[in-house]
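Each remark here refers to the structure printed beneath this line.
Hydrogens, waters and symmetry mates are skipped; everything else that's a heavy atom, side chains included, is used.
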Amino acid sequence: MRRVPFSIIAAAKTFDPEAVDVVFRHFEGFIASQCLIDCTDEYGNTHSIVDDDLYYQAQIALFRAIDRFQFREPPDSFMP
């Protein structure tokens, strides 16, 4: 799994629109996969679709998480 670079996270924390967009695009697939609901059509077939309301709420939660994200200094024993 790819990781979002630290510089992008730091820029998103300052609400840089491009950085926030990168973070949103990074998590887009995961959010969509967690917002699936099953619907049955008129023929009795079941389909999974993305619930737009759940997806929107998840995006809001991600935006709030970006705002609350706290950076910490790595421990002295940390070796990159």
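At most 12 non-hydrogen atoms from other residues, nucleotides or ligands lie less than 6.0 angstrom from CD of Gln70. Within 6.0 Å of atom CZ in Phe15, more than 12 heavy atoms from other residues, nucleotides or ligands are found, so the atom counts as buried in its surroundings.
For Asp53 against Asp51, the heavy-atom pair with the smallest separation is N-OD1, 2.9 Å. The two residues Ala19 and Ala12 have their closest heavy-atom pair at CB-N, 3.4 Å. Nearest approach of Lys13 to Ile66, heavy atoms of both residues: CD-O, 3.3 Å. Scanning both residues, Asp38 and Ser48, for their nearest heavy atoms gives OD1-OG, 2.8 Å. For the pair His26 and Arg2, the tightest heavy-atom approach, listed with the atom from each and the gap, is CE1-O, 3.1 Å. The two residues Leu62 and Phe24 have their closest heavy-atom pair at CD2-CD1, 3.7 Å.
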Inset, instruction - May I have the step-by-step check of side chain to side chain contact (heavy atoms under 4.5 Å, CB included) for Asp52 and Tyr56, ending in yes or no? - result: CA-CA 6 Å; Asp52 292 334; Tyr56 179 70; over 6 Å; no

Inset, instruction - Could you go through the side chain to side chain contact (heavy atoms under 4.5 Å, CB included) check for Thr40 and Asn45 one step at a time? - result: CA-CA 5 Å; Thr40 305; Asn45 300 320; over 6 Å; no

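Between Phe71 and Phe6, the ring-plane angle classifies as perpendicular under the 30° and 60° cut-offs.
A single hydrophobic cluster is not seen to contain both Tyr55 and Ile37; linkage of ILVMFWY side chains at heavy-atom distances under 4.5 Å, directly or through other members, places them apart. At a threshold of 4.5 Å between side-chain heavy atoms, the hydrophobic network of Ile, Leu, Val, Met, Phe, Trp and Tyr places Ile31 and Leu36 in one connected group. Transitive grouping of hydrophobic side chains (ILVMFWY, heavy atoms separated by less than 4.5 Å) brings Val22 and Phe69 into a common cluster. Residue Val50 is not grouped with residue Phe30 when hydrophobic side chains (ILVMFWY) are merged at heavy-atom distances under 4.5 angstrom, including chains of intermediate members.
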